[in-house]
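Everything below concerns the one structure shown next.
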Amino acid sequence: MTHGTRSHGPVADGRHAVVVGGGLAGITTALALADAGVRVTLLEGRPRLGGLAFSFQRGELTIDNGQHVYLRCCTAYRWFLDRIEGAELAPLQDRLDVPVLDVARPEGRRLGRLRRDALPVPLHLGRSLATYPHLSLADRAKVGRAALALKGLDLADPALDTQDFGSWLAAHGQSARAVEALWDLVGVATLNAVASDASLGLAAMVFKTGLLSDPGAADIGWARVPLGELHDRLARKALDSAGVRTEVRTRVTAVSHDVNGRWRVEVPGETLEADAVVLAVPQREAHELLPEGALDAPERLLQIGTAPILNVHVVYDRKVLARPFFTALGSPVQWVFDRTEASGLRAGQYLAVSQSAAQDEIDEPVAALRERYLPELERLLPPARGAEVKDFFVTRERTATFAPTPGVGRLRPGARTKASGLYLAGAWTATGWPATMESAVRSGVSAADAVLGALGRPRPRHLFEFEEAA
Ligand SMILES: Cc1cc2nc3c(=O)[nH]c(=O)nc-3n(C[C@H](O)[C@H](O)[C@H](O)COP(=O)(O)OP(=O)(O)OC[C@H]3O[C@@H](n4cnc5c(N)ncnc54)[C@H](O)[C@@H]3O)c2cc1C
């Protein structure tokens, strides 16, 4: 048990909330409730906090299970970084600038950039689009028109979720090349699905918020330290000083209502009593733990599909990439990040290749992936041709995100259940966002808000500041 000094909230009254799951959703819920003066216990089955965004040791190196990025428009995740005092360790670019390397042209490799300038939306992307070499002139004009049509879509219209983004793009004159070189380039990384597999509602949400809201909305941020430094060490420090009792290696096996109207949370060797319980676990685990009658159609949780992300990790004996990251066209390689400094590598360079929507590759043996990706990296990065590969390994996250398929919107429940005092959180709940760190934090805030309402406690203002920043 850990009790620290309370820095954000009033002293806790007798009310006790148990948060199950120490991913970003659960950490957020716990911090928010503790800041509002509720006594909180956070229970996590694994030996660390951070859920799907974590680090592990491989010899001397600290490796992330998968490259994570966020955008300036992710106001809730940015609030979270501030709250755990980690914002400086995961800074944003000053201005969106994505190097896009095309290696499929007969005339050889060609580098393009997706950049923004200081003009108002949508002109902030106009110059970059006008000079983007990976699209024909005709395609550039059509992309501009489709972007304007996208901007006009009403995100509150539930019909958007019944259509797929690929068909919408085709109906708006987008060629296969425009989909590959622009829409999927951004969409696959943010939605974890190609356009034809993605809900128009979620895709419109991503493109409207990221590219068509505020000029700086799509500026990219990423951790310059291992993810575990943020989501485990700093999060744990913040939870401790907020007075949260945090228990790792503590898997919840059952949640039930007792006769006095309180909740009983079972973990091996202990039963905790609580006034409120928040299940901040993945949808399948939530389904297992939900008591009978807590949701009208609990089977919907099991109908939410999942989608994999594969990361290929390569350590070279020398520097082969001069930029912090780039993305590729005409190659199976999607996004490549330089993780040398973050991992603690002292000599050579460590690149993480992030492969979203990796259904076809997620179960491939390491040898087959090595045979595919090393030559591809040599094609993209000429200095890699003479370099020695010191280490090659992969990390596989089979259930990295929920699948953002058309129709998924009606399957995602909100924070409240029909059982009073029992709430849901998680990137998969109804936040309007795809499965991202932003969605996880937003869900945690919503769940905390619902608990505070039920316990009759005021919402701490600072908790909702990100809504104003949006
Ligand atoms: C490889 C990869 C790359 C990604 N890239 C990005 C990216 O670039 N940008 C981005 O924004 N997002 C990205 N994501 C998605 C992002 O990581 C997730 O959306 C987010 O971390 C989910 O947080 P969560 O708290 O909702 O769920 P989880 O992280 O799944 O947390 C749930 C927690 O509950 C625990 N738990 C489950 N059952 C129990 C139980 N019975 N008792 C106790 N504890 C339990 C689990 O151990 C887990 O820690 C990526 C994900 C992966 C895997």
Side-chain angles (χ1 to χ4, degrees), residues 18-30 41-55 63-71 73-74 76-78 80 90 188-192 206 210 220-223 227 230-232 235 246-255 265-268 272 277-290 306-313 325 334-335 337 352-358 362 394-402 404 412 424-429 431 433-444 447:
V18 170
V19 179
V20 185
L24 297 181
I27 298 167
T28 301
T29 313
T41 304
L42 174 62
L43 304 171
E44 165 55 50
R46 294 188 189 147
R48 43 150 186 84
L49 299 179
L52 284 166
F54 70 96
S55 309
I63 305 294
D64 289 346
N65 68 316
Q67 177 63 45
H68 277 65
V69 306
Y70 70 98
L71 304 180
C73 60
C74 295
Y77 182 65
R78 288 172 58 208
F80 176 86
V188 169
T190 46
L191 294 160
N192 202 16
V206 164
I220 297 177
W222 68 97
L227 286 173
L230 300 170
H231 301 156
D232 187 16
T246 303
E247 301 289 348
V248 292
R249 292 193 173 86
T250 306
R251 197 166 184 79
V252 171
T253 53
V255 173
V265 179
E266 315 278 346
V267 298
L272 287 88
V277 175
V278 178
L279 298 179
V281 297
Q283 61 270 31
R284 192 160 284 279
E285 284 82 345
H287 181 267
E288 273 168 31
L289 291 174
L290 273 175
T306 56
I309 299 179
L310 175 81
N311 271 240
V312 171
H313 308 261
F325 73 94
Q334 293 176 11
W335 292 70
F337 278 77
V353 183
S354 176
Q355 301 293 110
S356 298
I362 196 72
V394 299
T395 45
R396 307 171 199 265
E397 293 288 355
R398 290 181 175 76
T399 56
T401 67
F402 70 80
R412 299 172 74 187
L424 296 172
W428 56 276
T429 59
T431 61
W433 284 73
T436 49
M437 300 188 287
E438 176 71 8
S439 183
V441 174
R442 279 176 182 260
S443 77

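Counting starts at 1 for both ligands and their atoms, in listed order.
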At a 4.0 Å threshold, what atoms of ligand 1 neighbour a non-hydrogen atom of Pro282?
30 (O), 32 (C), 37 (C)
Answer yes or no: does an N/O atom from Asn311 fall short of 3.5 Å to an N/O atom of ligand 1?
no
Which residue from Val252, Leu43, Ile309 reaches closest to atom 40 (C) of ligand 1 through any of its heavy atoms?
Val252
Which of the atoms in ligand 1, numbered in the order shown and given with their element, are less than 4.0 Å from a heavy-atom of Gln67?
3 (C), 5 (N), 8 (O)
Evaluate the side-chain proximity of Val252 to Leu279: yes if any heavy-atom separation is below 4.5 Å, no if none is.
no
Report yes if some heavy atom in the side chain of Leu230 is under 4.5 Å from a heavy atom in the side chain of Phe80; otherwise report no.
no
Within the 4.0 Å heavy-atom shell around Glu397, which atoms of ligand 1 are there?
1 (C), 53 (C)
Ligand-residue contact atoms, ligand 1 with Ala435, heavy atoms, under 4.0 Å
15 (C), 19 (O)
Contact between His231 and ligand 1, counting heavy atoms under 4.0 Å?
no
Taking the side chain as everything from C-beta on, heavy atoms only, tell me whether Leu71 gets closer than 4.5 Å to Ile220.
yes
Measure from atom 26 (O) of ligand 1 to the protein's non-hydrogen atoms and state whether any distance is below 4.0 Å.
yes
Under 4.0 Å from one or more heavy atoms of Arg46, ligand 1 contributes atoms 47 (O)
Considering only the protein, which heavy-atom contact is closest to atom 48 (C) of ligand 1, and what is its distance?
Glu44 OE1, 3.4 Å
Only heavy atoms count here, so choose which of Gly21, Ala280, Gly51 is nearest to atom 32 (C) of ligand 1.
Ala280
How are the rings of Tyr77 and His231 set relative to one another: parallel (under 30°), tilted (30 to 60°) or perpendicular (over 60°)?
perpendicular
Within-shell test, Thr250 vs ligand 1, heavy atom, strictly < 4.0 Å:
yes
Between Glu438 and Arg442, is a salt bridge (Lys or Arg N to Asp or Glu O under 4.0 Å) present by the stated rule, with each step listed?
CA-CA 6 Å; Glu438 176 71 8; Arg442 279 176 182 260; 2.6 Å; yes
For the backbone of Ala357 and the side chain of Asn192, can you confirm whether one donor and one acceptor N or O come within less than 3.5 Å of each other?
yes
Where the side chain of Asn65 meets the backbone of Thr395, is there a donor-acceptor pair that is under 3.5 Å apart?
no
If we only count N/O pairs under 3.5 Å, is Thr401 in contact with ligand 1?
no
Considering heavy atoms of the protein only, find what lies nearest to atom 43 (C) of ligand 1 and give residue, atom and distance to 0.1 Å.
Gly45 N, 3.3 Å
Checking a contact table here: which protein heavy atom is nearest atom 9 (N) of ligand 1, and how many Å away?
Val69 O, 2.8 Å
Looking only at heavy atoms, which two atoms of Ser439 and Pro434 are closest? And how far apart?
CB-O, 3.2 Å
Is it the case that ligand 1 has an N or O less than 3.5 angstrom from some N or O of Gly426?
no
Taking only heavy atoms of Val20, which atoms of ligand 1 are found under 4.0 Å from at least one of them?
42 (N), 43 (C)
Give me the nearest non-hydrogen protein atom to atom 37 (C) of ligand 1 as residue plus atom name, then the distance to 0.1 Å.
Val281 CG1, 3.6 Å
Using side-chain heavy atoms (C-beta onward) and a distance below 4.5 Å, is Trp222 in contact with Gln67?
yes
Working for side-chain contact (heavy atoms from CB on, under 4.5 Å), residues Ser443 and Arg412
CA-CA 11 Å; Ser443 77; Arg412 299 172 74 187; over 6 Å; no
re atom 31 (O) of ligand 1, the protein heavy-atom contact at minimum distance is Gly23 CA, 3.5 Å
Do other residues, nucleotides or ligands put more than 12 heavy atoms under 6.0 Å from Arg284 CZ?
no
Considering non-hydrogen atoms of the protein only, which is the closest contact for atom 23 (O) of ligand 1, and what is the distance?
Ala440 CB, 3.4 Å
Any nitrogen or oxygen of Gly26, main chain or side chain, under 3.5 Å from a nitrogen or oxygen of ligand 1?
no
Side chain proximity check, Ser356 to Trp335, heavy atoms < 4.5 angstrom
no
In the protein, which heavy atom is nearest to atom 50 (C) of ligand 1, and how far is it?
His68 NE2, 3.1 Å
Nearest non-hydrogen contact to atom 28 (P) of ligand 1 from the set Ile220, Ile27, Leu52, Leu289 belongs to Leu52
Taking C-beta and beyond as the side chain, do Val248 and Leu49 meet within less than 4.5 Å on heavy atoms?
yes
Result of checking Thr28, Thr431, Thr436 against Val441 for side-chain contact (heavy atoms from CB on, under 4.5 Å):
Thr28
Can you check whether Phe337 reaches Val69 side chain to side chain, under 4.5 Å on heavy atoms?
yes
Should you measure from each heavy atom of Glu285, which atoms of ligand 1 turn up under 4.0 Å away?
38 (N)
For Leu24, the ligand 1 atoms with a heavy-atom partner under 4.0 Å come out as 25 (O)
